[in-house]
Amino acid sequence: MSTKDTPSVDSSEEDIPLSKIIKRRKSKGVDSDEDFTIRRRRSTPRKKANIKETKKPKAKTKNSVESDDDIPLSSLTKNKMNNKNESTNAKTKEDKGEQSENDNGGENNEYKWWEGDFDDSIKWTTLEHSGVLFPPEYEPHGVPLKYDGEMVKLNAEEEEIAGFYAHMLETDYVKNPIFNKNFFDGFRSVLTSENKKRILKLEKCDFTLMYEYFQKLRDEKKNMTKEEKEKIKQEKLKMEEKYMTASIDGRIEKVGNFRIEPPGLFRGRGKHPKAGCIKKRIRPEDVTINIGKTCKIPDPPAGHSWRDIIHNNQVTWLATWEDTVNMTPKYVFLAAGSSLKGQSDFKKFEKARELKDYVLDIRRKNTEELRDSDLLTRQRATALWLIDKLALRAGNEKGEDEADTVGCCSLRCEHIELAENNTVIFDFLGKDSIRYYNQVEVDKIIHKNLKEFKKGKKKDEPLFNLLTTASLNKYLTSLMPGLTAKVFRTFNASFTFQEELKNTPSDGTVAEKILAYNRANRQVAILCNHQRSIPKSHDTSMTKLKEKILMLKYEKYLLRLELLDLVEEKTFKNRPEITEMESDLDDDVIARKKIEKEELELKKIEQKKIKLEQTKSESQESKKVDVEKDSNSDEESSPKRKKKDLEEPRKKTKLSPERLEKKILTLKNRIENMKLALTDRDENKTTALSTSKTNYIDPRISFAWSKLHSVPIEKLFNKGLRDKFKWATSVDANWSF
DNA sequence: GCTTAGACTTGGAATAATATTT
DNA sequence: AAATATTATTCCAAGTCTAAGC
């Protein structure tokens, strides 16, 4: 493995946290030499001195109110302060019981914040919760590592880290050299000196014994009986119950992520320089709790204490800790359906709607500024054009220890190519290292400007060298209060969606309408470049669906033949829905389907037989006769059939013409629906609809559409989304974004 | 003024739950 | 009833943006 390309850590530094090393290098680098031609990326580190064991009790956040601070934690936690805090504690259980499973405002005692005003500078007045849930302590399993063909016994710490890697053996992560290097460095740093001497190369490590052991555990778990599984589930639920809700201003609301992230290997996306680094176990001593001043402080796990307790009601988080890989803060927030999240969601969409009233003026002005004499103005105008037209993200600067991805303001010359006919080709990695590739014909002036901005620059220099997200946003806010780059994305997404929905066939079936809805959704997802990897089973499920449709068509064809046997064809002169032959149902297909159908029927009969034998052994005889009569009704030999053979009389349904006609129509309907579903799915294979649905499209558009077209909202929003967007439920059918 | 800590939204993948097929 | 496919939920990484702090 590549020990060669590892300049960052030499052996002498082995025991110093990586973050420290990087920080040191960085400051050295900035002071002295280094490239830094034009302000390239921010020389980041989110550092923080990170004094590991001598944890200083950290300064209080601005609003944290003193009061309890001088009392030792231990006495606070033991000393039940129950009575002091307003009722909530006792009430909790009852409330939970009654509101548990009301999906959609069945209960009316719910807090409908959207029916009144709300102030959101102060997020809460009382806040009570149970803190966070820690993952279980590590339990060693004793499965050894094989190194260079020999067994190596690992101690618990070593084994845990090795296990992290073993778990990922089947993933693509282990194909990533950066990941491997970071992991191996981390692994070696926990090895005992004896093992460290021995374990020198990752390629010689064989984790398969552990992998197989984990696999075995998984299988065992899977093979447990239903009852055992249920019991475990119940126990888990009981453990977690108290963490799942919080009481905010006396109301019980759901908490989102109350679980502390378990230790593991950092799964950075794309070419993240830290991919594979060890994410250390978080302890109560790392966790700060934010809670109402008079509320009971949750008990930390036995023998432990919290890092800090604060009472900051200007923020919404309940707990925080620092991620050990990137030194970034992590938070526990309320769930998406909570009032706090709902309010800010509502605000977000209202802000985007506000832009509607400004956008024409802004665009007009911007168009002028594209030709401004000032270079900065021209850059800004061009960038804004991209943000507005192509829904690009703002593009903050990124650090050296992050994956190299860009957004609008951080685009570099290498990311765009200027082609003929005012065409620009965008090709860069955006958020999550998702590729943005787009070939667009742009206004002449845009093309001209981009050409100008590229001129004389190297490919790795910034395209908009005079622009930053901060300056752009500052300018935007001067045009409209609270306007920032991301508002454009929200605005354009919602607006596009509403426009696209106008293609809904108002006299279509529900399935057709849903297809139109999903198509509109998909247009937005494409605009926002929300991509996903093609599901593994896409091809198979596609052909399967096609076959299914063909089978239905074949059955319809059979019914039609039967009908035309009974009734003169001319009766249906003006009824193409009855007489029309399916275009893709040729002889071969018919032959194939015929056989399939027979096989299917045979199988059914077989099963029926088995069942009969099992259940009614005494009346077996008489039934069997029936079955046999059925099964030998048609015998087929060769799949090669000529039309003549196909049309020869077949097993009939013996239904009346009226019934046959009706059956044909239902079948036709089913076929249509399936075809729609198929198209929908195929068009969707690389597009992720969920992100735009959850974050960009104003839910009121969907609720209004649902009412206007009488499509049940359940077909559009799953339970989670309905809960998240309950504030939008009551819009009028004619509501407009 | 500039940098960056901090808080919050946005994002695709992984995993769990459920539905469907065998 | 087990295997598989599909959908919903959870996970946690990676953005945006504000304001604290110099």
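Given the structure is predicted, the values throughout are model-derived calculations rather than measurements. Lettering of chains follows the sequences in order, A, B, ..., and the numbering in each one begins at 1.
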- Item | Closest to the A:Ile434 side chain, choosing from B:dT9, B:dG12, C:dT16 | B:dG12
- Message: Using the side-chain heavy atoms of A:Ala394, tell me which of these nucleotides is nearest: B:dC8, C:dA13, C:dC17.
- Response: C:dC17
- From B:dT9, C:dT9, C:dT6, pick the nucleotide closest to the side chain of A:Ser537? C:dT6
- Message: Less than 6.0 angstrom separating the ring centers of A:His129 and A:Phe258, yes or no?
- Response: no
- Item | 4.5 Å side-chain heavy-atom contact, A:Met244 and A:Val255 | no
- Parallel, tilted or perpendicular: which describes the rings of A:Trp317 and A:Tyr331, with under 30° parallel and over 60° perpendicular? tilted
- Message: How close do A:Asp432 and A:Arg269 get, counting heavy atoms only, and between which atoms?
- Response: OD1-NH1, 2.6 Å
- Message: So if I take every side-chain heavy atom of A:Ala688 and compare against C:dC12, B:dT10, B:dG12, which nucleotide ends up nearest?
- Response: B:dG12
- Starting at CG of A:Asn290 and ending at P of B:dC8, how long is that distance when rounded to a whole Å? 10 Å
- Among B:dG11, B:dA7, C:dT9, which nucleotide sits nearest the side chain of A:Tyr696? B:dG11
- Counting side-chain heavy atoms from CB outward, which of C:dA5, C:dC12, C:dA14 is closest to A:Lys544? C:dA5
- Task: Return the 5'-most residue of the pair A:Phe333, A:Arg269 with respect to DNA chain B, ranking by each residue's nearest nucleotide.
- Result: A:Phe333
- Contact nearer the 5' end of DNA chain B, comparing A:Lys474 with A:Tyr331: A:Lys474
